[in-house]
Amino acid sequence: MVEEIYDDVVSFELNINVKAEKDSLTQTVISLRANFTAEAETFLSPIRNLIEERDQLRDHTSTVTDINVKAEKDSLTETLLSHIRNLTEERDQLRNQTPTGTVTWLTHGSSFYYRLERTKNWNESRQECQKKGGDLLIINSKEEQEFINNQSINAWIGLTDKEKEGEWKWVDGSALTTGYWRSGEPNNANGVEHCAVFLVFPPALNSWNDINCMQPSDCICESTKPPS
Ligand code: MAN
Ligand code: CA
């Protein structure tokens, strides 16, 4: 009996000790965990800051790069455009000069013929011819048509119906009698074609077309004396 009580007391004390130890260990674990978290935070927080800073720098860098690329592109575009403008101007000036070299003239019958590479509209072309002492070409015969056709020239001639639709007149005021129109021409396409051009397709004799007088083209001039 005494032994049993003794055993009970011993086991009771053991249990108390075990529980106390367990509680103390649990406390230790909890406090270690807290310490660890706090310590980990002191490491992690600068890293987090660095990551955030890096991302901000990245965004900033790509914006800066975008801006630089765009600026460079704009400046190159402007340079190119200004080159193009200069070249266009130079080309137009060259075109408007009238060195004799660009005027090829031919004699045939009693006339002098010359082509001006001026790419001007019909009115301006006519003025160019007049400046050189002639006028736009007038074709009075089949033989003359053949002669010009054989030169392979695509250019304005002195024929227009701009005063009255369908009434074709030469620049000397005479009415057209025989025309050498391409098949289907003149068709006054879109109601805006009132000036005639030579469109050469030898050996076809019929080579004229009516087009918009404002279209730029070379021209064929004719005069009774050599072009000045
Ligand atoms: C086509 C035809 C012509 C016309 C031109 C205009 O070639 O309809 O009659 O003059 O287009 O570009
Ligand atoms: Ca036409």
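When a residue number appears, it is its place in the shown sequence, counting from 1. Read the numbers this way: they start at 1 and go in the same order the structure lists the ligands and their atoms.
- Judged by distance alone, the side chain of N188 and the main-chain N or O of H194 form no donor-acceptor pair under 3.5 Å.
- If you number the atoms of ligand 1 from 1 as listed, the ones under 4.0 Å from a heavy atom of D210 come out as 10 (O).
- The minimum distance between the Ca ion (ligand 2) and any N, O or S atom of E193 involves atom OE1.
- One of the N, O or S atoms belonging to N187 lies under 3.0 Å away from the Ca ion (ligand 2).
- D210 contributes O and N209 contributes OD1; the angle these two atoms make at the Ca ion (ligand 2) is 80°, rounded to 10°.
- Distance check: R54 CZ to D59 CG gives 10.5 Å after rounding to the nearest 0.5 Å.
- Across L137, I220, L136, V171, a single residue satisfies side-chain contact (heavy atoms from CB on, under 4.5 Å) together with C129, and that is L136.
- Counting the atoms of ligand 1 from 1 in the order shown, those under 4.0 Å from a heavy atom of N209 are 3 (C), 4 (C), 9 (O), 10 (O).
- The nearest protein heavy atom to atom 4 (C) of ligand 1 is closer than 4.0 Å.
- Listed by atom number, the atoms of ligand 1 under 4.0 Å from I211 heavy atoms are 10 (O).
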Begin with the C-alpha distance, continue with both residues' side-chain angles, and end with the deciding distance and a verdict on salt bridge (Lys or Arg N to Asp or Glu O under 4.0 Å) for D66 and K70. CA-CA 6 Å; D66 284 355; K70 193 180 175 306; over 6 Å; no
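- When distances from the Ca ion (ligand 2) to the N, O or S atoms of E185 are compared, OE1 comes out shortest.
- Counting protein heavy atoms under 4.0 angstrom from atom 8 (O) of ligand 1 gives one or more.
- Put simply, atom 11 (O) of ligand 1 has no protein non-hydrogen atoms near it, under 4.0 Å away.
- Salt bridge K131/E124: absent, no basic N to carboxylate O contact under 4.0 Å.
- The ring of W168 has its center closer than 6.0 angstrom to the ring center of W181.
- Using a 4.0 Å cut-off to heavy atoms of E193, the atoms of ligand 1 that qualify are 4 (C), 5 (C), 6 (C), 9 (O), 10 (O).
- Put simply, the residue from I148, L106, I153 that forms a side-chain contact (heavy atoms from CB on, under 4.5 Å) with R115 is I153.
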